[in-house]
Asker: 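There's a structure below that I have some questions on.
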Amino acid sequence: MGKAKRERGREKRAQRELTLEQTTVKMRQSRRRAIMIGVPVAAVVVAAIVVGILGSQGSGTTTHASASKLQAALATVAGIPQQGRTLGKVSAPVTIHEYADLQCPICREFKEQVLPKLITDEIRTGKAKITYEPFVILGDDSYTAAEAMQAAAAQGRAWQFIEAFYTNQGEERTGYVTTSFVNRMATDAGVDVTKMRAALNGDDLKTYDDTISQTQSDAQANGFTGTPSILVEGPGGKKTISDAFNLGSIESAVSSVSKA
Amino acid sequence: MTMPDVAAANASNRGGVRRGLRIAAVVLAAIGIVIGAYLTIVHASGHNPICSTGGCETVAASKYAHLVGVRVSTIGIVGYVVMLILALVPGYIARSLNLAGALVAAIFSGYLTWLELFRIHAICQWCVGSAITSLLLLCVHIWWTLLEA
């Protein structure tokens with residue numbers, strides 16, 4: 001009798017221990033699963049938030065450059081003769097064609113990092129001249145900017161307009177290139193705004209649009225797909241530069257095509 | 001074959017797959033480290049990377065080449081080193097951290113590729129190489145985590 005009771009008690013204890021062990025294993029498994037799913041999910045959420053913040057930074061804003069910044073930019077091209085979209089002496093044997101879009105941030109970086117030295121070394125010395133080719137790749141606002149740049153070119157101030165535009169450039173495709181923005185850039189560049197508006201509202205607009213179309217065709221013919229792209233042309237032939245930020249390769253191309 | 005034999009065979013098979021995944025994870029992380037180190041060294045020495053796509057200098061010169069003041073290639077090296085060390089550590093916590101790291105790397109690589117295509121408008125072959133490496137690394141770690149789970 002007593003023996004059977006003891007036996008039942010042992011069985012009950014064993015059962016309790018088994019249940020406890022099973023519960024512990026289950027808890028351990030669910031904790032393991034929670035960590036294996038929870039940590040990666042948390043990482044994805046954090047990464048997505050960080051990337052979202054980085055991606056939206058600066059969108060929809062235009063910088064309002066200080067007067068000193070604008071003056072420094074305009075000084076880069078000051079005193080150099082201009083004919084239309086070309087900066088430099090007419091007698092310069094080599095032409096550097098810069099295919100660029102005024103809305104493109106990398107074109108602005110090219111203007112800041114490469115152009116000043118290129119102007120000092122090649123343009124001011126009369127070895128080469130540089131033509132701004134309006135290669136529109138960023139939509140309607142770039143088209144508007146390219147038209148206005150040509151209206152400024154008609155007044156011999158294309159490069160001042162380009163400098164002013166890049167110095168005040170906003171985030172691409174955010175609609176900042178309004179009439180008042182363009183007028184402000186023109187004023188900063190010393191362009192007669194009334195004359196510019198008359199040109200943009202008159203017959204000259206067709207000529208500007210034709211130039212933009214022609215530039216698209218030329219860019220395609222040269223194999224250019226992005227901006228800024230550089231073509232160096234002289235008596236010795238033509239050379240395309242694979243990377244616009246390589247100042248050395250532009251300068252050696254100028255030197256190599258300068259003679260027939 | 002008895003039940004214990006089948007269980008043993010399965011376990012051995014799983015062990016083989018696990019080893020293969022660990023080797024793949026280590027090799028891919030090492031490739032990522034080599035790419036990052038090459039770009040960092042070339043930049044520090046003032047030279048230009050070998051570039052068949054023609055956009056490496058444009059990408060390297062852009063404002064997007066730095067994140068909170070640190071070069072993106074340096075961030076890449078740190079990330080891949082952490083991934084490599086974790087791949088050598090056994091246990092489900094290391095797998096979980098590996099998968100988390102691979103997901104972050106893949107998201108970050110996707111963001112950088114988007115920047116190249118739609119902001120910088122230039123493609124750097126090394127960045128594309130790193131993006132592909134991070135994607136493959138993600139596949140490996142998803143597989144490995146599923147195996148452990």
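The chains referred to below are lettered A, B, ... by the order of the sequence lines, with proteins before strands, and numbering in each begins at 1. What you see is a predicted model; the values in this text were computed from it and never measured.
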Asker: How close do B/S96 and A/I35 get, heavy atom to heavy atom, and via which atoms?
Answerer: OG-O, 3.0 Å
Asker: Ignoring hydrogens, what is the shortest heavy-atom contact between A/R32 and B/E148? Give both atom names and the distance.
Answerer: NH2-O, 2.8 Å
Asker: In terms of heavy-atom proximity below 4.5 Å to chain B, should A/I241 be classed as side chain, backbone, both, or neither?
Answerer: neither
Asker: Can you establish whether the number of heavy atoms outside B/I50 located under 6.0 Å from its atom CD1 is more than 12?
Answerer: no
Asker: For chain B, which of A/V50, A/I37, A/V39 has the most heavy-atom pairs under 4.5 Å?
Answerer: A/V39
Asker: Considering only heavy atoms from C-beta outward, does the side chain of A/R33 approach that of B/Y92 to under 4.5 Å?
Answerer: no
Asker: To the nearest 0.5 Å, how far apart are SG in B/C51 and CG in A/N246?
Answerer: 10.5 Å
Asker: Quick check: do B/L67 and A/L54 have side-chain heavy atoms less than 4.5 Å from each other?
Answerer: yes
Asker: Just wondering, more than 12 heavy atoms not from A/D140 lying within 6.0 Å of its CG?
Answerer: no
